[in-house]
Amino acid sequence: MGLEFPNPVGLAPGLDKQGNAANMLSRLGFGFVELGTVTPLPQPGNPRPRIFRLRQHNAIINRMGFNSVGLEKFLNNVAKTRPGIIKGINIGKNAATPMARAIDDYLIGLRAVYQCAEYITINVSSPNTKNLRELQNDDALNELLKALHHQRLKLSDSTGVKKPLVLKIAPDIDAHQITTIAKLARRYDIDGIAATNTTITRDGVEQHPLSAEPGGLSGTPLRDKSTAVVQALYRNLENEIPVIGIGGIDDAASAMEKFQAGAKLVQIYTGFIYRGPELIQEIITEYSHRYR
Ligand SMILES: Cc1cc2nc3c(=O)[nH]c(=O)nc-3n(C[C@H](O)[C@H](O)[C@H](O)COP(=O)(O)O)c2cc1C
């Protein structure tokens, strides 16, 4: 991605959706923080309750639905971040924007955040915005990545800086989709793939009274599924495009599984909620024993 990270443990997006906590979060020890998802216009997201803890499973089901302060306020907040912190900014589409115009929202997002992000993540994998994940399919993904590629060329010409683009994908995809994603990521010069977002499956939590709540499942029950996607991507891409491993990391061993599968960086969310900041140091310590 052309960036040098102080350590490979990042905060996954969705925790600091307003972009106002990066200073505090980076002081907890994260090597990088991903802010957002931010949508072009402000929107409230889904009605509450929209987030559920399945404690026995170290899991969460959420259907936040991109609650967002919108780009303008978000960028005012992010402007207060100390220099030197690696910030990814994760962009999405407004619920009210028809799917036929989804690309416009991503282009608006890319242009708006380009200058202040160290990298930009294209989120086509949230299960909580209707039909969003269809953007991962062959033709739709081709059109989206083509448009973003051209926009980035223009932005790098006009600013003199080429900012890395990362594509964030769902765990609920088959081998064909993985091959397509890898092929299109190469074709349109994508700099990183973030794998994965939450799952719509309920494997391992079927018996839990909250398992029927609609939304994306994260945490330990997602772990193996996301590791499998990391591994499949790595087999397709080898070292051409780095993979960020995300999903169910809740101790050093589960983080090492992601690196072993080929991830160059990891991100945590649910494990961070349950275990707190000590999890960051635990992973960094083990990583430096193994890989330095
Ligand atoms: C409450 C909540 C909100 C989330 N919001 C976003 C989001 O806005 N954008 C995004 O790309 N991922 C979002 N995610 C997904 C996480 O970034 C991450 O991909 C997923 O939770 C798997 O990692 P984990 O098992 O460590 O939680 C959210 C996850 C949770 C639990």
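Values reported hereafter were calculated over all heavy atoms of this structure, with side chains retained and with hydrogens, waters and symmetry mates removed. We count ligands from 1, going down the list as the structure has it; atoms in each ligand are counted the same way.
- Proximity of Glu34 to ligand 1, defined as any heavy-atom pair under 4.0 Å, is not found for any part of the residue.
- Phe259 and Phe30 fall within a single hydrophobic cluster, where Ile, Leu, Val, Met, Phe, Trp and Tyr side chains are chained together by heavy-atom contacts under 4.5 Å.
- Counting heavy atoms under 4.0 Å from ligand 1, residue Thr196 touches it through the backbone alone.
- Closest protein heavy atom to atom 27 (O) of ligand 1: Thr270 OG1, 2.6 Å.
- Between the choices Gln267, Lys168, Arg53, the shortest heavy-atom distance to atom 19 (O) of ligand 1 belongs to Lys168.
- Not one N or O on the side chain of Thr97 forms a donor-acceptor pair closer than 3.5 Å with the backbone of Lys93.
- Here side chain to side chain donor-acceptor pair (under 3.5 Å) pairs that include residues 30-52, with residues two or more places apart or in two chains, are Glu34-Asn90, Glu34-Tyr119, Glu34-Thr121, Glu34-Gln267, Thr37-Asn90, Thr37-Asn123, Thr39-Ser68, Thr39-Asn94, Gln43-Asn94.
- Between Ile51 and ligand 1, a contact under 3.5 Å exists for no N or O pair.
- Look at Gly248 and you'll find a heavy atom under 4.0 Å from some atom of ligand 1.
- Heavy-atom proximity to Gly219, at under 4.0 Å, picks out these atoms of ligand 1: 25 (O).
- Classification of Glu240 and Arg186 as a salt-bridged pair holds, one side-chain N sitting under 4.0 Å from a carboxylate O.
- For atom 8 (O) of ligand 1, the nearest non-hydrogen atom of the protein is Lys17 NZ, 2.9 Å.
- The protein atom (non-hydrogen) at minimum distance from atom 21 (O) of ligand 1 is Ser218 CB, 3.3 Å.
- Ile61 belongs to a hydrophobic cluster whose remaining members, ordered by chain and number, are Phe52, Leu54, Val205, Leu210, Leu217; membership requires side-chain heavy atoms of ILVMFWY residues under 4.5 Å apart, directly or through intermediates.
- Between Tyr234 and Lys264, the shortest heavy-atom distance links the atoms CE1-NZ, 3.9 Å.
- With respect to atom 7 (C) of ligand 1, the closest heavy atom belonging to the protein is Thr37 OG1, 3.4 Å.
- The option with the heavy atom closest to atom 23 (O) of ligand 1, from among Thr220, Asp16, Ile122, Ile246, is Ile246.
- Atom 26 (O) of ligand 1 has Tyr269 N, 3.1 Å as its closest protein atom, hydrogens excluded (heavy atom only).
- Under a 3.5 Å cut-off, the side chain of Asn131 and the backbone N or O of Glu134 do not form any donor-acceptor pair.
- Ion pairing between Asp172 and Lys225 holds under the 4.0 Å rule for side-chain N and carboxylate O.
- Contact annotation for Asn123 and ligand 1: only side-chain heavy atoms (C-beta onward) come within less than 4.0 Å of the ligand.
- Using a distance-only test at 3.5 Å, with no hydrogens or angles considered, no donor-acceptor pair links the side chain of Asn58 to the main chain of Gly219.
- Ligand 1 is never approached by Ile273 to a heavy-atom distance shorter than 4.0 Å.
- Contacts between Asn197 and ligand 1, counted as non-hydrogen atom pairs separated by less than 4.0 Å, involve both the backbone and the side chain.
- Comparing heavy-atom distances from atom 22 (C) of ligand 1 across Leu279, Ile244, Leu222 singles out Leu222 as nearest.
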Practice item. Report the C-alpha separation of Asp189 and Arg152 in whole Å, then their side-chain angles, then the decisive distance to 0.1 Å, and conclude whether the salt bridge (charged side-chain N to carboxylate O under 4.0 Å, His left out) test is met. Key: CA-CA 10 Å; Asp189 198 19; Arg152 181 180 50 174; 3.4 Å; yes
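- A side chain to side chain contact (heavy atoms under 4.5 Å, CB included) with Gln281 is found for exactly one of Ile284, Leu279, Ile283, namely Ile284.
- The structure places OG of Ser218 at 12.0 Å from CD1 of Ile249, a figure rounded to the nearest 0.5 Å.
- The nearest heavy-atom contact from the protein to atom 20 (C) of ligand 1 is Thr198 CG2, 3.8 Å.
- In terms of protein heavy atoms, atom 5 (N) of ligand 1 is closest to Gly14 CA, 3.1 Å.
- For atom 13 (C) of ligand 1, the closest non-hydrogen atom of the protein is Pro13 O, 3.2 Å.
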